[in-house]
Amino acid sequence: MKKTVFIIAFLASLITAKAQSYLGFYHDNYAGVQGVLFNPASIVDSRFKTDINLFSMSTSAGNDLYGVKLFDIFKSGYDFTTQAKKTFTGSNNAILNLDVMGPSFMFNISPKHSLAIYTRARAFVNVVNINGRLIDELGNNNTNNFDYNVGNTSLTGNSWGELGLSYAVVLYQKGEHFLKGGITAKYLQGVANAHFQAQNVDLKYVKNVPSPQLSTYTSTGTATYGTSQDFAANSNVNIDNKSNGFGLDLGLVYEWRPYFDTTKKEVANFKELNKYKLRFGLSLTDLGSIKYGNGVRNRYNLNKTITQNDLDNANNFDDFIKNNYLATIVNGAFKSNLPTALHADVDWNFNKKFYLNLNTDLSLVNKGALNQNSIANYASLTPRYESRWFSFYVPISYMQYSGTQIGAGLRTGVFFIGSGSILSNAFSKNSKSADFHIGMKIPVYEKKLKDTDGDGVYDKDDSCPDVAGPIENKGCPWADTDKDGVLDKDDKCPDVAGPVENNGCPWADTDKDGVLDKDDKCPDVAGPVDNNGCPWADTDKDGVLDKDDKCPDVAGPVENKGCPWPDTDGDGVLDKDDKCPTAKGTVANNGCPEVDKIVLKKLNDFSKAIMFDSGKSTIKPQSDVNLEEIVKVMNEFSASSFRLNGYTDSTGVAAKNLQLSKDRAAAVKDYLVSKGISTDRLSSEGYGITKPIASNKTIIGRALNRRVEIVLVK
């Protein structure tokens, strides 16, 4: 059997082809006109005045049949059928996508409206639900007999051109919330289409060992096979106006913009900057179909046995199926639906120029339907660095059929190149997909508004473009006219210096008492500093201020610190006038008790008992008891004055006795003074032998005459 059997040749071509378009690139805010292919809303409020695509291409392929170390297939002698890792099942799949973008451009027609016009050539091939074990047998040159259920296999190949017109508009803009929408209408020019679908097909092979050319293939079931023209009659592809259609793309983008209050300025003023923290995109692409007016579609009865010789004699698949199986014309013209898909992504600006994108592409069509192309379901997480002239991105993705892959790409203003699988394919020995994109463009970015002083106010709006200042003051620093450290905008007295606590105004002194109102507890009434600016109170109205008044609630004279004078002994004489404040006396005697005869007798009883040394004025110690009693009595009557009279007996010389009497009276006085009796209250005198009180002729009489008498002076 021919090794280049038609189906095997077709599948092998998938492995060296490429798949889904511009993986990792179209999330970039500088993707420009390429972005419109996935979400037509992306072009409005973009970073571009216009973006002109000169040429770009994206191609990708994936399958779940063969895995290879990708770069080995370019080596000399590589045998795909024997060296590739095989994962054959009863239902394998493969996909091919080629997307070429020709001259295209986008531009702004106003700050909130944008247009794009693009040209594009596309090719899709889908293999759905093919029996991989049968493919393996065919690839091994049929060395063994086999009997397989092929099942319901679909193969679809379609190529077409697009002329698209996109319009995008800002739908809603308020505060942090921003919403834009877009629509693309596209004219579709069909190029070529081929599709094949097997229905309940079984294939049995019996090897003829003596005569291999007579080995037989017995098949059952039916198959539908169609092409955009009769390639058996004319192998050249004819492009005409009978192969065309229309398509539609729809998209929305919401941005959460906490960085800028876009309600205050035109959107255009910020177009050169990123404005969002989070961006959510949702789009529906490839709604529509192409009608092939010259199409040929037949249903074949496959219930037949053919030989290896029949197979080898066929020049191509069309010759083989027409020459060996009975055909029934199904119809002529037919439609080929576009690979309708839903795209959703979330883009997070997590740190200045660094972004993280989460994206998913979901096919919305029945992949096993007749003549139906479809994308592979796809999910990716793409970190990227993005600036005006340079971007770098690393998509990490999972693609239906081919599994996980890691890629990388970069953009340098006029040129971009990348792959969604280059890194994983460089190391994997079981790559099941490959993709690649490249492009050249002419970007015309939005003019970057100047902010010379870096204060966030653009020079065109900045009243002080060379000096940083707040937006509220039109980019000028706030003045401080009075140099008090409080800016004029906050200063209630901008021309007079004052403290921050009083909003830049000097503190007032309303009552002019020298205590500032901020510290004055009585700001409207003058008072001393010591009392926090309040006048001192005089609660009892006695003329003594409470601060000095020892009795603030009871009136009293100034001399007694505002307290009423007391009368301690209750004799009616106030202590201030009472000579004896602790002893009850009479008013006439200045509050002191008056000395009466009894008291005076008591004093003299004690004084007469005072004894002196013979012929001397020294007092004998045994007299101290009587002297102390005299002191007590005199202290009790402290307002009274006394005279001490000294006397002798008649014994001896009269002149000497006179002097001795004086000395003895003085000695008693001195003793009393030493014990605290005021000298002003005492006087002394001596009278010698005069005024005897008894006879000097007897011992007793003379003893009584030797005495000191105490006389009340007042």
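Counting from 1, the numbers follow the sequence of the chain as shown. Computed from heavy atoms alone, side chains included, the values below leave out hydrogens, waters and symmetry copies.
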*Apply the test side-chain contact (heavy atoms from CB on, under 4.5 Å) to residues Asn349 and Leu356: give CA-CA distance (whole Å), side-chain angles for both, the deciding distance (0.1 Å), then the verdict.*
CA-CA 7 Å; Asn349 175 218; Leu356 186 65; over 6 Å; no
*asked:* Run Tyr254 and Leu278 through side-chain contact (heavy atoms from CB on, under 4.5 Å) and show every step you take.
replied: CA-CA 8 Å; Tyr254 166 78; Leu278 287 174; over 6 Å; no
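- Side-chain N or O atoms of Ser219 include one that pairs as donor or acceptor with a backbone N or O of Leu302 at under 3.5 Å.
- Residues Gln372 and Leu338 come closest through the heavy atom pair NE2-O, 3.4 Å.
- Contact check on Asp147 versus Lys204 returns no salt bridge, with no Lys/Arg side-chain nitrogen under 4.0 Å from an Asp/Glu carboxylate oxygen.
- The residues Asp64 and Lys86 are annotated as not salt-bridged, no charged nitrogen and carboxylate oxygen being separated by less than 4.0 angstrom.
- Under 3.5 Å, the side chains of Gln405 and Ser433 contain a donor-acceptor pair of N or O atoms.
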*asked:* If you apply the rule ring-ring contact (aromatic ring centres under 6.0 Å, His included), what do you find for His27 with Phe38, and how did you get there?
replied: CA-CA 9 Å; His27 313 302; Phe38 300 89; 8.1 Å; no
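- By the 30° and 60° cut-offs, the orientation of the rings of Tyr325 relative to Phe320 is perpendicular.
- Of the N and O atoms on the side chains of Gln34 and Lys441, at least one donor lies less than 3.5 Å from an acceptor on the other residue.
- For the pair Arg411 and Phe416, the cation-pi test (distance below 6.0 Å, angle within 45°) is failed.
- Thr382 has its side chain out of reach of Leu23: every pair of non-hydrogen atoms, C-beta onward, lies at least 4.5 Å apart.
- A donor atom on one side chain and an acceptor atom on the other are found under 3.5 Å apart for Thr307 and Asp310.
- Side-chain contact annotation: Ser154 with Gln197, donor-acceptor N/O pair under 3.5 Å present.
- In this structure, Ala116 and Val33 approach most closely via the heavy-atom pair CB-CG2, 4.4 Å.
- Salt bridge present: Lys186 and Asp286 bring a charged side-chain N and a carboxylate O closer than 4.0 Å.
- Looking at Ser56 and Asn53, their side chains do bring a donor and an acceptor atom within 3.5 Å of each other.
- Nearest heavy atom pair, residue Glu386 against residue Asp28, reads OE1-OD1, 3.1 Å.
- Between Phe25 and Tyr393 there is a side-chain heavy-atom pair separated by less than 4.5 Å.
- Here the side chains of Tyr187 and Phe246 are in contact, with some heavy-atom distance below 4.5 Å.
- No donor-acceptor pair under 3.5 Å is formed between the side chain of Asp347 and the backbone N or O of Leu358.
- In the model, Ser419 has no side-chain atom that pairs as donor or acceptor with a side-chain atom of His437 under 3.5 Å.
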*Could you give me the CA-CA distance, side-chain angles and deciding distance for Asn29 and Arg279, then say whether side-chain hydrogen bond (donor to acceptor under 3.5 Å, both in side chains) is met?*
CA-CA 11 Å; Asn29 288 302; Arg279 183 191 72 197; 3.0 Å; yes
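- Residue Phe196 is tested with Ile321, Thr227, Val127 for a side chain to side chain contact (heavy atoms under 4.5 Å, CB included); the sole match is Ile321.
- Annotation for Lys335: atom NZ does not count as buried by contact number, only 12 or fewer foreign heavy atoms lying within 6.0 Å.
- A donor-acceptor pair is defined here as one N or O able to donate and one able to accept, closer than 3.5 Å; no such pair exists between the side chain of Thr360 and the backbone of Ala379.
- Residue pairs meeting the salt bridge (Lys or Arg N to Asp or Glu O under 4.0 Å) criterion with at least one member in residues 225-243, sequence neighbours excluded, are Asp230-Lys322.
- With no hydrogens or angles considered, no side-chain donor-acceptor pair links Thr156 and Asn373 at under 3.5 Å.
- Donor-acceptor pairing under 3.5 Å is recorded for the side chains of Asn425 and Ser431.
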*Decide yes or no on side-chain hydrogen bond (donor to acceptor under 3.5 Å, both in side chains) for His343 and Thr285, but give the supporting numbers first.*
CA-CA 8 Å; His343 309 274; Thr285 60; 2.8 Å; yes
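- Annotation: side chain of Ser363 is not in contact with side chain of Gln400 (no heavy-atom distance under 4.5 Å).
- Using modelled atom types, no side-chain atom of Ser211 and backbone atom of Leu214 make a donor-acceptor pair closer than 3.5 Å.
- The shortest side-chain heavy-atom distance between Tyr205 and Thr218 does not fall under the 4.5 Å cut-off.
- For the pair Gly413 and Pro443, the tightest heavy-atom approach, listed with the atom from each and the gap, is O-CG, 3.5 Å.
- Geometrically, Arg297 engages Phe334 in a cation-pi contact, judged by NZ or CZ lying under 6.0 Å from the ring centre and within 45° of the ring axis.
- Not a single donor-acceptor pair under 3.5 Å links the side chain of Lys69 to the backbone N or O of Asn430.
- You'll find the side chain of Tyr217 reaches within 4.5 Å of the side chain of Gln308, heavy atoms only.
- Tyr30 and Asp51 form no side-chain donor-acceptor contact under 3.5 Å, judged by distance and modelled atom types alone.
- Scanning both residues, Asn324 and Ile306, for their nearest heavy atoms gives OD1-CG2, 4.1 Å.
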*asked:* side-chain contact (heavy atoms from CB on, under 4.5 Å), that's the test. Do Asn294 and Tyr292 meet it? Break it down for me.
replied: CA-CA 6 Å; Asn294 296 321; Tyr292 288 96; over 6 Å; no
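- Contact annotation: the side chain of Asp312 approaches that of Gln213 to within less than 4.5 Å [non-hydrogen atoms, C-beta and beyond].
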*For the pair Met101 and Tyr22, evaluate side-chain contact (heavy atoms from CB on, under 4.5 Å) and give the outcome as yes or no after the intermediate values.*
CA-CA 11 Å; Met101 195 173 191; Tyr22 303 102; 3.8 Å; yes
*Please walk me through it: do Ser58 and Asp99 pass side-chain hydrogen bond (donor to acceptor under 3.5 Å, both in side chains)?*
CA-CA 5 Å; Ser58 177; Asp99 192 339; over 6 Å; no
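- Neither side chain, Ser397 nor Ser380, offers a donor N or O lying under 3.5 Å from an acceptor on the other.
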_Check against ring-ring contact (aromatic ring centres under 6.0 Å, His included), Tyr378 and Tyr398_ = CA-CA 6 Å; Tyr378 171 80; Tyr398 178 84; 9.3 Å; no
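- Centroid-to-centroid, the aromatic rings of Phe231 and Phe317 stay 6.0 Å apart or farther.
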*Stepwise side-chain hydrogen bond (donor to acceptor under 3.5 Å, both in side chains) test for Asn129 and Ser91*: CA-CA 4 Å; Asn129 198 29; Ser91 177; 2.4 Å; yes
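- The closest side-chain heavy-atom distance from Ser166 to Tyr118 is below 4.5 Å.
- Ring geometry for Phe107 versus Phe105: interplanar angle under 30°, hence parallel rather than tilted (30 to 60°).
- Checking side-chain atoms of Asn234 against main-chain N and O of Val237 turns up no donor-acceptor pair under 3.5 Å.
- Donor-acceptor pairing under 3.5 Å is lacking for the side chains of Asn301 and Thr222.
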*Take Tyr385 and Phe392 through the ring-ring contact (aromatic ring centres under 6.0 Å, His included) test and state the conclusion after the steps.*
CA-CA 5 Å; Tyr385 171 84; Phe392 181 74; 9.1 Å; no
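- Using modelled atom types, one finds a donor on one side chain and an acceptor on the other under 3.5 Å when comparing Asn193 with Asn371.
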